[in-house]
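Single-structure report; data block below.
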Amino acid sequence: MARNQKAKETRDAGASIALLWGEQDQPTRGPKPSLTPARIAQAAVALADAEGLDAVSMNKVAATFDVSAMALYRYVPGKGELVDLMIESILAERPDLSVAGEDWRAQVTEWARQCLRVYQGHTWLLAATAMRRQAMGPQQLGWLDAALAALEPTGLTAAQRHHVFLLVVGLVRNLAQQSLDFDAERDREWNRLTGELLERHADRFPALTKALADGGFVPDTDPLAFGVDCILDGVQALIDRSEPASI
């Protein structure tokens with residue numbers, strides 16, 4: 001689920017998977033470990049929530065435990081693997097979609113709402129993730145599984161269900177990015193300057209001028225519902241086309 005270069009630090013996929021699934025080798029000698037990968041990830045999440053992902057370093061995380069950065073490497077090989085752990089730690093158990101009832105559209109919409117809340121609650125997640133394949137722990141896989149399960153009643157192929165999932169999570173990420181970038185003062189200034197420009201050049205941009213005058217750029221009160229409905233209307237059209245014609 002990242003565009004930030006530091007979030008793309010080299011990861012050892014095998015090490016990440018071992019950490020995410022609790023399958024890493026345990027030390028057989030020496031003192032009993034005083035930390036755990038989970039505690040380290042939680043401290044890193046708190047730091048990222050407060051200061052952003054760029055602020056997360058092995059040194060800063062170690063300082064929260066009054067230990068050296070080298071002490072953390074006993075538990076986590078590096079920042080890349082730490083970010084993987086951070087992502088896993090902020091995800092709750094498999095999202096409960098039962099509140100949406102049995103309707104597949106309602107369940108997909110509920111999944112999207114819960115997902116958006118995670119992104120908005122941890123704004124660094126956009127920088128920490130990308131639309132790429134990466135090491136995933138049981139929590140992340142639980143979210144993916146829940147989305148695909150909600151789409152099973154559609155009768156779409158597995159590939160089609162996966163494509164729909166990508167459309168929905170792409171919408172969620174887009175809205176999370178918009179929310180992160182939004183600045184009310186700059187938005188008002190943009191509206192004022194653009195309005196003045198279009199007053200002078202309306203003949204060159206008639207559709208844009210009309211859209212602005214008709215309130216086309218007024219923020220939607222629930223952009224997620226609008227976006228998901230548009231996606232799922234398309235899915236329903238695909239379902240209808242796929243069903244055999246009645247004789």
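Side chains are part of it too, since the values below use all heavy atoms of this structure and drop only hydrogens, waters and symmetry mates. The structure presented is a predicted model; accordingly, all values stated were derived computationally and were not measured. Positions are given from 1, in the same order as the sequence printed here.
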Would you sort out whether R186 and D181 count as a salt bridge (Lys or Arg N to Asp or Glu O under 4.0 Å), showing the intermediate values? CA-CA 10 Å; R186 288 187 179 182; D181 294 341; over 6 Å; no

Between L19 and D84, is any pair of side-chain heavy atoms under 4.5 Å apart? no

Minimal heavy-atom distance between V168 and A112, with the atoms involved, is CG1-CB, 3.9 Å

Provide the closest heavy-atom pair for G78 versus Y73 in the form atom of the first, atom of the second, distance. CA-CE2, 4.0 Å

[Y] backbone acceptor or donor facing [X] side chain under 3.5 Å:
| X | Y | answer |
| --- | --- | --- |
| E88 | A38 | no |
| W124 | A50 | no |
| Y75 | L35 | yes |
| D96 | S98 | yes |
| Q107 | G101 | yes |

Side chain to side chain contact (heavy atoms under 4.5 Å, CB included) assessment of D187 paired with N191: CA-CA 6 Å; D187 190 60; N191 287 334; 3.7 Å; yes

Taking atom CZ as the centre, does F226 end up with more than 12 heavy-atom neighbours from other residues, nucleotides or ligands that are less than 6.0 angstrom away? no

Once the angle between the rings of W111 and F165 is folded into 0 to 90°, is it parallel (under 30°), tilted (30 to 60°) or perpendicular (over 60°)? perpendicular

